[in-house]
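None of these values were measured; they are calculated from a predicted model.
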2 protein chains.
Amino acid sequence: MKSGVGHTGSTEGAAGTAGAGGAAGAAQPADVAEPARKPGRVSAHEVSRAIRDDIIRGVHAPGARLAEEALSARYGVSRVPVREALRTLEAEGFVRSRPYAGVAVAELDDAEAEDLLEIRARLEPLGAGRAAARRTPEQLGRLKELLLLADDALAADRLGELARLNSRFHEVLAQASGSQTLTQLVTQLSWKIAWVYAVELPRRADDSWREHAEIVAALEAGDPDRAAKVVAKHIAQAQKAYRRRPSGAADASGGAAGSAESET
Amino acid sequence: MKSGVGHTGSTEGAAGTAGAGGAAGAAQPADVAEPARKPGRVSAHEVSRAIRDDIIRGVHAPGARLAEEALSARYGVSRVPVREALRTLEAEGFVRSRPYAGVAVAELDDAEAEDLLEIRARLEPLGAGRAAARRTPEQLGRLKELLLLADDALAADRLGELARLNSRFHEVLAQASGSQTLTQLVTQLSWKIAWVYAVELPRRADDSWREHAEIVAALEAGDPDRAAKVVAKHIAQAQKAYRRRPSGAADASGGAAGSAESET
DNA sequence: TCGGGGACGATTGTATTCAATCGAGGTAGA
DNA sequence: TCTACCTCGATTGAATACAATCGTCCCCGA
């Protein structure tokens with residue numbers, strides 16, 4: 001008998017590692033320096049999460065070269081877990097690598113950003129439809145909780161946290177679909193969207209969360225068609241907002257230096 | 001810029017071990033043995049490709065545990081590149097891992113398979129539309145070349161090769177879209193579809209490649225709408241074929257059924 | 001006989017060390 | 001002065017060695 005490894009589903013939804021949130025605020029790019037994460041024992045998964053967060057926050061600018069040694073110093077681990085993390089990020093499309101030439105942060109031009117939104121527009125309604133049929137009460141509860149947290153954040157005008165809550169909302173929504181593949185796809189997609197939106201998203205925050213509430217209502221009602229439709233509208237609004245953005249701001253200017261709090 | 005991982009190689013060299021003789025039915029192959037792949041210098045990227053191919057071909061059955069040492073012995077490298085490969089496959093959704101518990105091949109039930117097809121149905125027409133507008137003559141040439149190769153394979157009734165050509169076709173089609181993100185998504189998706197279809201889909205091959213030719217024609221004409229429409233039809237046909245399959249044998253039961261055939 | 005606790009083996013996770021490759025810069029020659 | 005070649009430094013890629021963790025099995029006690 002092979003005793004085949006449990007794996008009871010759960011596409012790993014962010015284990016609550018305290019995310020070096022300390023350096024919020026300033027968030028100057030590029031200048032690597034402080035270890036930022038010295039606690040003795042970190043896993044490769046966490047390193048990938050840390051690097052991903054930093055990419056999304058603009059700490060590592062698009063096109064920037066990521067030397068393994070520098071990363072290993074920054075995150076306080078050896079090169080081995082760093083390399084593993086880079087492979088993960090490569091598969092996710094955050095970095096590109098060439099043999100013996102190292103890895104660099106991917107560059108997202110406007111066309112890519114548009115594509116991301118277009119892809120999302122086609123996938124999320126699908127997931128929402130599934131979610132309306134399959135969501136568990138617990139998932140519904142988490143979504144509602146996120147709505148409340150967002151209300152607070154809105155009231156306090158903490159936009160950085162809002163961005164995180166937004167990603168999280170769409171992540172949970174994807175999980176509620178009950179499809180492993182769909183969840184993974186949409187989750188990775190939501191990370192990338194957060195990246196692209198790093199600058200723009202806060203502006204639309206208010207409307208966005210009103211729409212989120214509608215989504216939850218549709219899920220609660222268990223109406224797949226309505227859920228899909230509401231999500232589609234939501235995405236379309238987001239697309240419109242992105243296209244209306246002031247300047248071509250797809251790069252890593254300081255925007256939304258959100259705290260990296262990782263409460264799940 | 002080519003984005004690493006050239007995919008120039010081909011793995012059919014070791015195809016001889018596929019199927020493991022008539023020993024189908026008896027699940028739990030697991031005990032891989034012969035090195036099958038000793039050539040001196042392989043890179044981590046190639047290892048991930050090798051493992052992925054073996055998963056798709058059913059050499060590693062769904063749910064099977066993948067011990068690092070066993071893999072490193074099988075593919076003739078140390079554990080380090082194996083681990084990197086596993087991180088890649090994890091991000092792609094082919095395996096699932098838990099800290100200190102190792103890695104196991106993911107399990108795709110019928111619902112997941114349906115979702116995969118649904119997702120593809122929504123993404124590929126998008127890519128095809130882009131491709132019709134942006135495809136380069138070189139890409140068009142490669143697609144045509146694939147059509148010819150498929151003709152040969154059809155004539156000679158080499159279904160295993162057809163499966164590979166099929167994946168390759170959709171890969172190139174995605175590349176022609178000019179969108180990095182879309183390319184990566186659709187490519188990874190096509191791998192998974194090949195996996196799901198490996199057991200099923202006896203031979204829709206003939207129709208499938210006729211539709212492929214239509215796709216190429218639309219691309220050549222540079223007509224985005226028509227391209228998207230043709231691809232949508234193509235996917236819909238594939239879905240129909242899948243749903244019409246003889247038995248519901250898409251789960252992890254038998255796993256390592258002989259040669260991998262996937263036609264879309 | 002059955003349940004709980006602890007030690008052992010096996011496997012994963014990480015660090016350290018060594019080898020291979022690429023790019024930059026300098027030097028010799030035309 | 002320009003070009004080609006070559007040497008050297010730096011960085012990536014891989015292998016080996018070490019530490020941490022988990023599951024299992026055995027022993028002990030009720």
If you take all heavy atoms of B/V95 and B/L86, which pair is closest and at what distance? CG2-O, 3.9 Å
Donor-acceptor contact below 3.5 Å, side chain A/R65 vs main chain A/A101: yes
Starting at atom CG of A/L66, determine the distance to atom P of D/dG13, rounded to an integer number of angstrom. 13 Å
Measuring to OP1 and OP2 of D/dT12, would you say a side-chain N or O of A/R65 lies under 4.0 angstrom away? yes
Roughly, in whole Å, what's the span from OH in B/Y75 to P in D/dA15? 15 Å
Are A/W195 and A/V105 side-chain neighbours, meaning at least one heavy-atom pair lies under 4.5 Å? yes
Result for 5'-nearest mapping on DNA chain C, choosing between A/R79 and A/A101, is A/R79
Between D/dT11 (P) and A/R98 (CZ): distance, integer Å: 16 Å
Work out how much the helix from C/dT1-D/dA30 to C/dA30-D/dT1 bends between its end axes, five pairs an end, to the nearest 10 degrees. 0°
Provide, to the nearest angstrom, the distance between the CG atom belonging to B/L71 and the P atom belonging to D/dA15. 14 Å
Taken to the nearest whole Å, OH/B/Y100 to C1'/D/dC22 is 10 Å
Rounded distance in Å - CD (A/E68) to C1' (D/dA10): 12 Å
Separation of B/E69 atom CD from C/dG9 atom P, in whole Å? 17 Å
